[in-house]
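These numbers were taken from a predicted model, which means no experiment stands behind them.
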Amino acid sequence: MPAGILLAVSLAALATLCVLQHIPMADTLVYRAEGAAVANGTDLYGFTVTQWQLPATYPPFAAILFVPTTWLPIGALKVAFAVGNTALLALLVHLSCRFARLPAGPALVLAGTALGVWLEPVFQTILFGQINLALACLVLWDLTRTDDAIGKGFALGVAAGVKLTPAIFIVYLLLTGRVRAGLTALASLTGTVLLGALVLPHASVDFWTRRVFETGRVGRAWIVDNQSLQGLLARVLHDPAPGPVWLAAAVLVAAAGLWTARRAAVVGGRETWGVLVTAATALLVSPISWSHHWVWCVPVIAVLVAEGRGRLAAVVAVVFTARTLWLVPHKGALDLQLPWWHQPLASPYPLLALLGLLACAAGAGRAARVTGVARLGHARRTLPSPRPALSPSDKSDSTARPQTPDGMESGPAADASRRAQDADSRRDADSRPGEDTRSGEAQQVG
């Protein structure tokens, strides 16, 4: 089937499903309410909307960007978000192909978009009207530019200013020696904070001194929707607040993840996996990582395909399409009562990410050993070969002065001595010219 027809069929099926299910696109409504709060001068963090009583959770800078959402009726806004997210998926597929060094032709991008909408994180992003695809495109576009590109890091800083999670990529840039890009991203992030403080001073103080620490405000950490390390531990331990256990695990995973990312990029020369490991680390250690945050599965699949690991790419695609987290009992508090054999089904994304981190850490270790052996071999090849040991007879011969064919000594000292003797002989000859003449005449006569 041609890629264009495949895309048309896929989008038609998606649109039909959205209409039949009366998709509320709840997050789009939250964004619109944030923009309205900025436009109307009301309390940004004092409202809730939709039947789920959702509050504003993003920094003030994001709310400023959401003001244009108030210019459209709700129906038109939902259509705009659905179409926009589909276009952003196509852009993410294109960027992922370029990131993985795959030929990003129209057919591949269209086919990837047609299939990508059914990946659970992408599907949920479209249904909720989320901005995950936009942020992923900003970060991936910025990181795939050359290190000497003008303003590299700026888009990353803007993405972190909208949603704090991408800020981990700033740490990654600094750890891998891209100091200029890292500082540019940090300056860009700082600029978003200052702009938010300038336009919304009271909301900025409220967010940065209070709201940013209220992780419970975002949602319940133990429900299956949360595919972070905290959600995994809460369900495994049957504890809605794993607290110290989660904090210790998050610190360990963050350190190990960033170490692995640096090793993959700097030592192993695999920049693609350095970026992907950083993304996985961010999603794991974030207190809340809803399933639709895992749109980074798109570049993961692209990189696996580019490396010729088609079967593994298919496995990853199946994991992110199967929706096993929605198959386990999850109404009310049932998420905390799951038996052990339900746990892998309830937490597929963090478990897959942890396995991926372990595999990348092992691969980075092997690459470091191979690189070390190669460097040692090169160093040995460049060293001069040792001279063979001399026998006693060789040693005695080597101490003797070299001789010329006529039996005279040779060497710098002997040559200098001969030159001095020749000079003396010439001076003696010059001082007795008569004797030489007479001797010559006698020889002729004789």
Side-chain angles (χ1 to χ4, degrees), residues 17 21 23-24 26-27 50-55 57 118-128 130 132 165 214-254 256-257 277 279-298 300-301 312 314-359:
L17 182 62
Q21 295 294 324
I23 301 302
D27 288 327
T50 76
Q51 61 185 9
W52 298 281
Q53 301 296 303
L54 300 176
T57 58
W118 301 105
L119 295 168
E120 192 269 348
V122 176
F123 183 82
Q124 293 289 88
T125 291
I126 296 174
L127 263 58
F128 282 112
Q130 259 281 346
N132 306 301
T165 309
E214 296 177 351
T215 56
R217 178 182 177 86
V218 181
R220 292 171 293 183
W222 46 269
I223 59 178
V224 296
D225 310 50
N226 183 21
Q227 292 290 297
S228 72
L229 187 62
Q230 181 176 215
L232 167 65
L233 292 174
R235 291 186 292 272
V236 168
L237 300 175
H238 307 290
D239 183 356
V245 176
W246 165 73
L247 184 60
V251 171
L252 178 62
V253 170
V277 167
T281 301
L283 292 167
L284 283 170
V285 302
S286 176
I288 302 288
S289 290
W290 302 130
S291 66
H292 51 73
H293 292 169
W294 289 79
V295 294
W296 281 88
C297 63
V298 175
V300 169
I301 295 172
L312 185 55
V315 170
V316 172
V318 168
V319 170
F320 281 99
T321 307
R323 294 163 169 77
T324 59
L325 66 158
W326 305 116
L327 300 179
V328 299
H330 58 274
K331 291 185 178 181
L334 292 178
D335 313 60
L336 289 174
Q337 303 170 18
L338 297 174
W340 66 268
W341 57 277
H342 276 173
Q343 296 298 337
L345 301 176
S347 306
Y349 305 163
L351 289 176
L352 182 63
L354 289 172
L355 290 175
L357 286 181
L358 291 175

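- Proximity of Ser289 to Gln230: side-chain heavy atoms (C-beta onward) are nowhere separated by under 4.5 Å.
- The two residues Val285 and Ala250 make their nearest non-hydrogen contact at CG1-O, 3.5 Å.
- Side-chain contact between Leu325 and Ser291 is present, with heavy atoms from C-beta onward closer than 4.5 Å.
- If you take NE2 on His342 and CG on Leu345, they are separated by 6.5 Å, rounding to the nearest 0.5 Å.
- Closest approach of Asn132 to His293, counting heavy atoms only: OD1-CD2, 3.2 Å.
- Using a 4.5 Å heavy-atom threshold, the side chains of Leu354 and Leu232 count as touching.
- Note: Gln124 CD to Arg323 CZ = 7.0 Å, rounded to the nearest 0.5 Å.
- Between Arg235 and Ile223, the shortest heavy-atom contact is NH1-O, 2.6 Å.
- Taking the six-membered ring where tryptophan is involved, the planes of Tyr349 and Phe320 are essentially parallel, since the angle between them stays under 30° and well short of 60°.
- For the residue pair Leu127 and Ile23, the shortest heavy atom distance occurs at O-CG2, 3.0 Å.
- Atom CG of Leu252 and atom CG of Leu247 lie 11.5 Å apart (nearest 0.5 Å).
- Annotation: the span from Leu54 atom CG to Asp27 atom CG amounts to 6.5 Å, rounded to 0.5 Å.
- Contact of the Trp290 side chain with the Val218 side chain is registered, since non-hydrogen atoms from C-beta on lie closer than 4.5 Å.
- At least one donor-acceptor pair closer than 3.5 Å links the side chain of Asn226 to the backbone N or O of Pro287.
- For the pair Leu338/Gln343, a side-chain contact is recorded, criterion being any heavy-atom separation below 4.5 Å from C-beta on.
- To the nearest 0.5 angstrom, Leu284 atom CG is 6.0 Å from Leu357 atom CG.
- The aromatic rings of Phe123 and Trp118 lie parallel to each other, with less than 30° between the two planes, well short of the 60° mark.
- Considering CG of Leu233 and OG of Ser347, their distance stands at 9.0 Å, rounded to 0.5 Å.
- Trp326 and His330 have perpendicular rings, their planes meeting at more than 60° on a 0 to 90° scale where under 30° would count as parallel.
- Taking every heavy atom of both residues into account, Leu351 and Pro344 meet most closely at CD1-CA, 3.6 Å.
- Checked by atom type and distance alone, the side chain of Ser286 never pairs as donor or acceptor with a backbone atom of Ala282 at under 3.5 Å.
- Nearest heavy-atom pair, Thr57 versus Arg217, reported as atom, atom and distance to 0.1 Å: CG2-O, 4.3 Å.
- Put simply, the side chain of Ile288 does not reach to within 4.5 Å of the side chain of Ser228, judged on heavy atoms.
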